[in-house]
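The basis for the numbers below is simple: all heavy atoms, side chains too, and nothing from hydrogens, waters or symmetry mates. From a predicted model like this one, the values you see are computed outputs, not experimental measurements. Residue numbering restarts at 1 for every chain, and letters A, B, ... go by the order of the sequence lines.
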Amino acid sequence: MFLKFKREVLKMLNVDERYVKESDHADLACTVAFKLAKEQKRSPQEIAEEIVAGLEPRDYVGCIEVVNGYINFFVSEEFLEDTINLILDEDYDYGSPKIKGEVLIEHTSANPDGPLHIGHIRNSIIGDTLTRIMKKAGLNVRTQYYVNDMGRQIAITALGYKRFGIDRTKKPDHAIVEAYIKMNKELEENPELEKEVEDLMIRYERGDEEAIKLFKDVVELALEGIKETLRKLNVQHDEFVWESEFVRNGYVDRILKMLDEKGLLKKDGAWIIDLSDLGYEKEVVVRRENGTTLYVTRDLAYHLWKNENFERFINVLGADHKLVGRQLQDILRLLGLKPPEIVFFEFVSLPEGSMSTRKGKFISADELIEKVYEEAKKIVEGREELKEEEKEHIARAVAIGALRFDFVKIAPEKPMVFDWRKALDFERQTASYIQYSHARCCSILRKAVESGMPDLDFRGDLCTPLERKLVVLLSKFSYVVLRVVNELKPNVFADYLLKVANAFNDFYRDHPVLKAESELRMHRLAIVDATRIVLRNGLELLGIEPLERM
RNA sequence: GGACCCGUAGCCUAGCUUGGAUAGGGCGUGGGCCUCCUAAGCCCAAGGUCGCGGGUUCAAAUCCCGCCGGGUCCGCCA
């Protein structure tokens with residue numbers, strides 16, 4: 001709805017979109033008078049007044065005013081009424097800007113050599129939230145986890161698995177990482193074992209059956225555990241795509257042929273791409289002297305496949321992939337292919353330094369989930385009216401919500417230092433604050449039904465300033481969804497939902513709903529129900545369960 | 001050495017792409033609010049050289065240059 005209002009304002013003014021912004025002083029504010037002031041050598045105020053003199057409020061534009069050179073626009077009562085009615089009418093479907101397209105999102109893609117740690121889940125949560133928001137926008141989204149099954153670390157894990165076996169009583173990813181850590185230690189002490197690792201990698205790439213069986217066992221065990229963790233976090237993938245597939249299905253050969261035909265390959269024993277013209281110091285090797293391929297080769301092949309099947313493809317990658325990510329994009333461009341859009345996120349580190357799976361220096365996602373759950377359980381215990389089963393369910397939802405929200409609310413480019421004290425703190429400004437606001441809405445509506453007068457009828461003319469502010473916020477849902485789709489910043493949506501919850505609590509404070517009489521009661525019930533729908537749909541987009549009581 | 005990212009009150013963070021109206025929030029601190037729709041809530045107060053120095057501009061947290069501090073990356077590894 002807010003998108004419609006913005007379009008009307010833009011049409012009225014007939015100026016470039018960048019001069020019209022959201023503002024604390026108005027629903028939309030225009031700064032074009034400042035720009036014109038310079039050219040025309042007149043005061044912004046004067047110009048703004050002149051512009052406004054030719055404008056007449058109509059439809060969704062209820063009021064136009066000039067202050068200090070700004071042209072301020074306010075929505076009309078009709079806008080407020082249409083907003084609430086649209087929300088109540090569309091219900092679960094509310095909030096979509098209704099755009100179209102085919103999108104692939106690749107995220108998480110952690111090496112299958114152990115459990116996901118708290119750095120990996122930053123990737124998962126950003127990727128999954130982006131997926132949910134893009135689906136909401138109307139796009140057809142497919143998600144993939146790219147399984148690096150051909151890497152050195154998998155060969156090391158496989159060798160460790162073969163030599164020492166694993167503890168079958170443990171969650172499989174946690175059992176696998178023990179073999180990985182142990183084998184790494186072994187390698188440090190006996191460097192001559194390197195040869196075995198290399199042999200194993202070559203045999204796997206060449207299709208040796210025994211090697212394939214071994215790698216498959218190891219990778220599947222790790223993935224089994226990883227999938228369970230992702231399930232707990234409400235993170236969903238449509239497919240797990242194995243890197244080795246691209247060697248076996250011919251895409252690797254095709255991409256090498258394309259590179260060759262474009263004259264990009266320097267064959268000097270190894271096959272090399274020289275990117276110095278683009279400012280890269282080092283050359284990129286895509287085929288070793290021994291004929292085997294490298295990670296980047298298979299990744300190029302993967303992106304050739306993406307080009308053939310999608311209009312838009314997005315990768316969520318850690319900051320350590322920035323250089324290789326940009327090289328990948330540039331090579332694809334040189335081939336005349338579309339490069340992926342990449343969302344880079346900075347590292348999650350521990351107070352004592354960065355994490356390392358190899359050294360066993362990490363906090364696993366499973367451990368974090370359990371600890372946060374225990375903490376949430378303590379708080380829920382205080383609610384005597386709830387049944388034990390319900391308490392556990394609520395604690396689970398609150399824990400996962402807090403966890404997801406903590407990661408998604410921070411802009412991806414910010415480095416994070418993990419802090420147990422903060423992770424286990426359920427104070428406001430987190431998911432539980434939003435869940436709580438949603439539960440409050442539900443509670444009011446439940447009571448309205450019990451007392452037999454649940455009729456809803458929103459009236460623009462009855463709106464107080466706080467109600468007006470809340471409804472304008474509710475109208476921005478699809479506007480914010482569209483922003484996230486364009487800018488790939490899921491934290492913007494988290495921030496939006498927090499603002500809605502905040503505005504609702506302001507409203508809740510001094511607008512009695514159930515005690516109000518007749519038309520005022522119906523009016524406010526409509527606002528509560530619309531807020532409930534927005535909070536519920538919004539929490540859904542963040543992968544957080546909207547609880548009806550807590 | 002080169003490249004990229006971050007630097008906003010004691011702590012965390014929004015705003016920076018597209019420069020404009022008193023720099024929003026939260027935690028923590030001090031004070032207040034449950035005969036009233038869930039106090040996982042609300043209100044009030046104190047707390048800021050927007051890392052530092054230049055520049056562009058009528059206007060800079062936002063753009064440009066330099067510096068400082070932190071992180072990351074620069075393998076015929078992934």
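At a threshold of 4.0 angstrom between heavy atoms, the contacts of A/Q153 are confined to the sugar-phosphate backbone, with no base atom among them. Heavy atoms of A/E548 sit under 4.0 angstrom from at least one base atom. The residue A/A270 sits close to a base: some heavy atom pair falls under 4.0 Å. Among the protein residues, A/D16 comes within range of no part of the nucleic acid, since none of its heavy atoms lies under 4.0 Å from any strand. Residue-level contact check: A/D506 touches the backbone only, with heavy atoms under 4.0 Å from sugar-phosphate atoms and none from bases. As judged by a 4.0 angstrom heavy-atom cut-off over every strand, A/L294 is placed among residues touching the sugar-phosphate backbone only. Using a 4.0 Å heavy-atom cutoff across all strands shown, A/V398 reaches at least one base atom of the nucleic acid. Heavy atoms of A/I410 sit under 4.0 angstrom from primed sugar atoms or phosphate atoms, though from no base atom.
Among residues two or more places apart in sequence or in another chain, the salt bridge (Lys or Arg N to Asp or Glu O under 4.0 Å) test is passed with A/R152 by A/E194. Among residues two or more places apart in sequence or in another chain, the ring pair (Phe, Tyr, Trp, His ring centres under 6.0 Å) test is passed with A/Y146 by A/Y302. In this structure, the side chain to side chain contact (heavy atoms under 4.5 Å, CB included) partners of A/R333, at least two apart in sequence or on a different chain, are A/Q329, A/D330, A/P339. Listed by chain and number, the residues in a salt bridge (Lys or Arg N to Asp or Glu O under 4.0 Å) with A/E283 are A/K266 (sequence neighbours excluded). Scanning for salt bridge (Lys or Arg N to Asp or Glu O under 4.0 Å) contacts around A/D260 gives A/K267, with sequence neighbours left out. With sequence neighbours left out, A/K195 forms a salt bridge (Lys or Arg N to Asp or Glu O under 4.0 Å) with A/D199.
Between A/F493 and A/Y496, the ring-plane angle classifies as tilted under the 30° and 60° cut-offs.
A/R298 contributes no side-chain N or O that forms a donor-acceptor pair with the base of B/A78 under 3.5 Å.
Here the C1' atom of nucleotide B/C77 and the CD atom of A/E243 are 11 Å apart, to the nearest Å. Across the protein-nucleic acid pair, A/N502 atom CG and B/A14 atom P stand 17 Å apart, rounded to whole Å. The distance from atom NZ of A/K409 to atom P of B/C27 is 10 Å, rounded to the nearest whole Å. Distance A/F405 CZ to B/A14 P: 12 Å, rounded to the nearest Å. Straight-line distance from the CH2 atom of A/W271 to the C1' atom of B/G75: 20 Å, rounded to whole Å. Distance NE2 (A/H321) to P (B/C73): 10 Å, rounded to an integer number of Å. Across the protein-nucleic acid pair, A/L256 atom CG and B/C76 atom P stand 16 Å apart, rounded to whole Å. Per the geometry, NZ belonging to A/K195 stands 14 Å off P belonging to B/C77, to the nearest Å.
To the nearest whole angstrom, the two P atoms, one in B/C37 and one in B/G51, are 46 Å apart. Straight-line distance between the P atoms of B/G20 and B/A59: roughly 14 Å, to the nearest whole Å. Nucleotides B/A39 and B/C33 have their C1' atoms positioned 9 Å apart, rounded to a whole Å. Taking the C1' atom of each, B/C16 and B/U8 are spaced 11 Å apart, rounded to whole Å.
Residues A/D149 and A/D320 both approach RNA chain B. Their nearest nucleotides, taken by heavy-atom distance, put A/D320 toward the 5′ side. When each of A/H511 and A/K422 is assigned the nucleotide of RNA chain B bearing its nearest heavy atom, the one mapping closer to the 5' terminus is A/K422.
B/C43 adopts an anti glycosidic conformation, its chi angle falling more than 90° from 0.
Two residues are said to be in side-chain contact when any heavy atoms from C-beta on lie closer than 4.5 Å; A/M550 and A/H438 fail this criterion. Between A/R203 and A/F215 the shortest side-chain heavy-atom distance does not fall below 4.5 Å. Between A/V66 and A/Q45 the shortest side-chain heavy-atom distance falls below 4.5 Å.
Electrostatic pairing of A/E374 and A/K371 does not count as a salt bridge here, judged by no charged N lying under 4.0 Å from a carboxylate O. Salt bridge absent: A/R532 and A/E548 never bring a charged side-chain N and a carboxylate O closer than 4.0 Å. Remark: A/D425 does not engage A/R421 in a salt bridge, criterion side-chain N to carboxylate O under 4.0 Å. Salt bridge status for A/E352 with A/K361: absent, with no side-chain N to carboxylate O gap under 4.0 Å. Look at A/R396 and A/E545 and you find no salt bridge, because none of the NZ, NE, NH1 or NH2 atoms lies under 4.0 Å from a carboxylate O.
Of all nucleotides present, only B/C74 satisfies the Watson-Crick or G-U wobble test against B/G1, with each distance under 3.5 Å. Judged by Watson-Crick or G-U wobble contacts below 3.5 Å, the nucleotide B/A45 has B/U29 as its partner. Using the Watson-Crick or G-U wobble rule with both distances under 3.5 Å, B/G66 pairs with B/C52.
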Verdict with supporting geometry, A/E346 and A/K322, salt bridge (charged side-chain N to carboxylate O under 4.0 Å, His left out): CA-CA 10 Å; A/E346 288 291 328; A/K322 271 188 181 175; 3.4 Å; yes

Worked verdict on A/N148 versus A/R298 for side-chain contact (heavy atoms from CB on, under 4.5 Å): CA-CA 10 Å; A/N148 300 154; A/R298 293 159 230 141; over 6 Å; no

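One finds no side-chain N or O of A/R358 lying less than 4.0 angstrom from the OP1 or OP2 phosphate oxygen of B/A78. Remark: A/R383 is in phosphate contact with B/A40, judged by side-chain N or O atoms under 4.0 Å from OP1 or OP2. Neither OP1 nor OP2 of B/C27 sits under 4.0 Å from any side-chain N or O of A/R421. For B/G41, the OP1/OP2 oxygens have no side-chain nitrogen or oxygen of A/R509 closer than 4.0 Å. For the OP1/OP2 pair of B/C42 and a distance below 4.0 Å, the side-chain nitrogens and oxygens of A/Y433 include at least one atom meeting the criterion.
When each of B/G2, B/C37, B/C76 is scored by its nearest atom to the side-chain atoms of A/E281, the top-ranked nucleotide is B/G2.
Non-hydrogen atoms lying under 4.0 Å from RNA chain B are contributed by A/V324, A/R326, all within residues 324-333 of chain A. Only A/E346, A/S354, listed by number, bring a heavy atom of residues 339-357 of chain A to less than 4.0 angstrom from any atom of RNA chain B. The stretch residues 516-527 of chain A has no heavy atom under 4.0 Å from RNA chain B, so no residue of it qualifies as close.
Annotation: cation-pi geometry not satisfied between A/R7 and A/Y479 (NZ/CZ under 6.0 angstrom from ring centroid, within 45° of ring axis).
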Can you pull every protein N or O that's under 3.5 Å from an N or O on nucleotides 31-36 of chain B?
from	atom 1	to	atom 2	distance (Å)
B/C36	O2'	A/K515	NZ	3.1

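Listed by first then second residue, pairs satisfying salt bridge (Lys or Arg N to Asp or Glu O under 4.0 Å) with a partner in residues 430-452 of chain A number zero, not counting sequence neighbours.
A distance below 6.0 Å separates the ring centres of A/Y70 and A/F34.
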Contact letters for nucleotides 15-24 of chain B, in which S counts primed atoms plus P, OP1 and OP2 and B counts the base, heavy atoms under 4.0 Å: --BS-BBB--

